[in-house]
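This structure is a prediction, so every number in the text was calculated from the model and none was measured.
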Amino acid sequence: MNKYIFASSNQNKLLEISKQLSGITLLSLLDVGYYDEIIESGSTLTENALIKSNTIYNKYSLPTIADDTGLEVYKLDGRPGVFSARYSGEQANASENIKKVLHEMKEVTDRRARFKTVICLKNNFQELFFEGTVEGLIANEKSGDAGFGYDPIFIPNGCQKTFGEMSLDEKNKISHRSRAIQKLVDYLSI
């Protein structure tokens, strides 16, 4: 079966993942008519990915791929982490979240951080997890309009620009999500 549901309504994530999953039909939540919010009540990225994949698999009985991603800043004790999407409040947007991180990092010289993605593949046999991380630094200010989320303030190690300044192809060569997806692709190719 080459048809999977991607348990997200985030079109940016869908685009990133679709570019790497050739030969697979990836349906979004909108494609299957799912409009309810999935409450991400887990305390880890893995738990949230599992919650999303179980919710959609149990409703549609199609293999489901779900992910959860977090920005983990070392000097902030791993925050925002699992709360990355709602770091500055439940109704927060990316711009507000970025402002909060930059404010908290204003006087901090150790700017090390990492992005981490956990993907869960749920089918009628099992739940499998694939993890990808990328280490980097928090920029001193926002730079770039590409990507989404914290991309404009995250500079991957070995790079001179933020994810927000990179094309999608550039980002997909090194990103946390692409690393997790590559592990998923390797598994599906077996």
Side-chain angles (χ1 to χ4, degrees), residues 4-24 26 28-29 38-57 62-87 94 97 101 111-138 147-151 153-159 162-164 166 168-190:
Y4 296 81
I5 299 174
F6 179 54
S8 176
S9 54
N10 184 323
Q11 295 303 306
N12 292 306
K13 284 186 183 182
L14 183 66
L15 179 62
E16 279 188 16
I17 289 178
S18 294
K19 286 186 82 88
Q20 292 181 263
L21 292 176
S22 59
I24 291 174
L26 198 59
S28 72
L29 293 180
I38 300 173
I39 304 300
E40 298 177 34
S41 57
S43 60
T44 66
L45 300 174
T46 300
E47 288 175 7
N48 281 341
L50 180 60
I51 288 167
K52 290 187 268 191
S53 62
N54 278 336
T55 299
I56 299 307
Y57 180 82
L62 281 174
T64 301
I65 298 167
D67 85 315
D68 200 24
T69 296
L71 174 66
E72 299 172 345
V73 181
Y74 291 93
K75 278 296 187 179
L76 299 180
D77 299 321
R79 292 188 321 270
V82 73
F83 301 106
S84 290
R86 53 195 182 279
Y87 191 47
N97 290 332
V101 169
R111 303 186 75 81
R112 292 176 300 132
R114 72 177 180 173
F115 261 126
K116 180 177 175 183
T117 292
V118 176
I119 292 177
C120 178
L121 169 62
K122 167 79 174 165
N123 58 32
N124 56 339
F125 306 113
Q126 59 201 344
E127 298 154 351
L128 297 169
F129 297 92
F130 307 90
E131 184 178 304
T133 60
V134 62
E135 299 286 333
L137 301 171
I138 298 298
F148 59 99
Y150 295 93
D151 286 355
I153 62 167
F154 185 81
I155 305 168
N157 284 349
C159 296
T162 68
F163 274 154
M166 295 180 188
L168 182 55
D169 287 338
E170 286 177 298
K171 181 182 175 185
N172 277 346
K173 288 179 182 169
I174 60 171
S175 82
H176 47 293
R177 187 170 291 106
S178 65
R179 291 175 180 182
I181 293 166
Q182 188 56 56
K183 292 176 183 176
L184 171 65
V185 168
D186 292 345
Y187 172 79
L188 293 175
S189 299
I190 294 173

Atom [atom1] in [X], atom [atom2] in [Y]: separation rounded to 0.5 Å?
{"X": "Lys183", "Y": "Thr117", "atom1": "NZ", "atom2": "OG1", "result": "10.5 Å"}
{"X": "Ser8", "Y": "Leu14", "atom1": "OG", "atom2": "CG", "result": "7.5 Å"}
{"X": "Leu45", "Y": "Cys120", "atom1": "CG", "atom2": "SG", "result": "12.5 Å"}
{"X": "His176", "Y": "Ile119", "atom1": "NE2", "atom2": "CD1", "result": "10.0 Å"}
{"X": "Phe115", "Y": "Glu135", "atom1": "CZ", "atom2": "CD", "result": "12.0 Å"}
{"X": "Glu127", "Y": "Tyr57", "atom1": "CD", "atom2": "OH", "result": "10.0 Å"}

Find out whether [X] and [Y] are in side-chain contact, i.e. whether some heavy atom of one side chain is under 4.5 Å from a heavy atom of the other.
{"X": "Phe163", "Y": "Val134", "value": "yes"}
{"X": "Ile51", "Y": "Glu40", "value": "no"}
{"X": "Thr162", "Y": "Ile153", "value": "no"}
{"X": "Phe6", "Y": "Leu29", "value": "no"}
{"X": "Ile56", "Y": "Lys52", "value": "no"}
{"X": "Phe154", "Y": "Leu137", "value": "no"}

Checking [X] side chain against [Y] main chain: does a donor-acceptor pair fall under 3.5 Å?
{"X": "Arg79", "Y": "Glu72", "value": "no"}
{"X": "Asp68", "Y": "Val118", "value": "no"}
{"X": "Tyr150", "Y": "Ser84", "value": "yes"}
{"X": "Asn123", "Y": "Leu62", "value": "no"}
{"X": "Ser175", "Y": "Asn172", "value": "no"}

> Where do Gly132 and Ala180 come nearest, in terms of heavy atoms and distance?
Replying inline: N-CB, 3.6 Å
> Can you name the closest pair of heavy atoms from Leu128 and Gln126 and give their distance?
Replying inline: CD1-NE2, 3.5 Å
>> Before you tell me yes or no, could you show the steps for Lys75 and Arg112 under side chain to side chain contact (heavy atoms under 4.5 Å, CB included), namely the whole-Å CA-CA distance, both residues' side-chain angles and the distance that decides it to 0.1 Å?
In response: CA-CA 8 Å; Lys75 278 296 187 179; Arg112 292 176 300 132; 5.9 Å; no
>> Leu76 vs Tyr87, test: side chain to side chain contact (heavy atoms under 4.5 Å, CB included). Steps then yes/no.
In response: CA-CA 12 Å; Leu76 299 180; Tyr87 191 47; 4.3 Å; yes
> In terms of ring plane angle, is the pair Phe130 and Tyr187 parallel, tilted or perpendicular, where the classes change at 30° and 60°?
Replying inline: tilted
>> As a quick check of understanding, evaluate side chain to side chain donor-acceptor pair (under 3.5 Å) for Glu47 and Ser43, giving each step before the final call.
In response: CA-CA 7 Å; Glu47 288 175 7; Ser43 60; 3.1 Å; yes
>> Can you tell me which residue among Leu188, Thr64, Leu184, Ile17 is in a side chain to side chain contact (heavy atoms under 4.5 Å, CB included) with Tyr4?
In response: Leu188
> Do Lys171 and Phe148 meet the cation-pi criteria used here (NZ or CZ under 6.0 Å from the six-membered ring centre, within 45° of the axis)?
Replying inline: yes
> Stepwise, does the side chain to side chain contact (heavy atoms under 4.5 Å, CB included) test hold for Val73 with Ile138?
Replying inline: CA-CA 8 Å; Val73 181; Ile138 298 298; 4.1 Å; yes
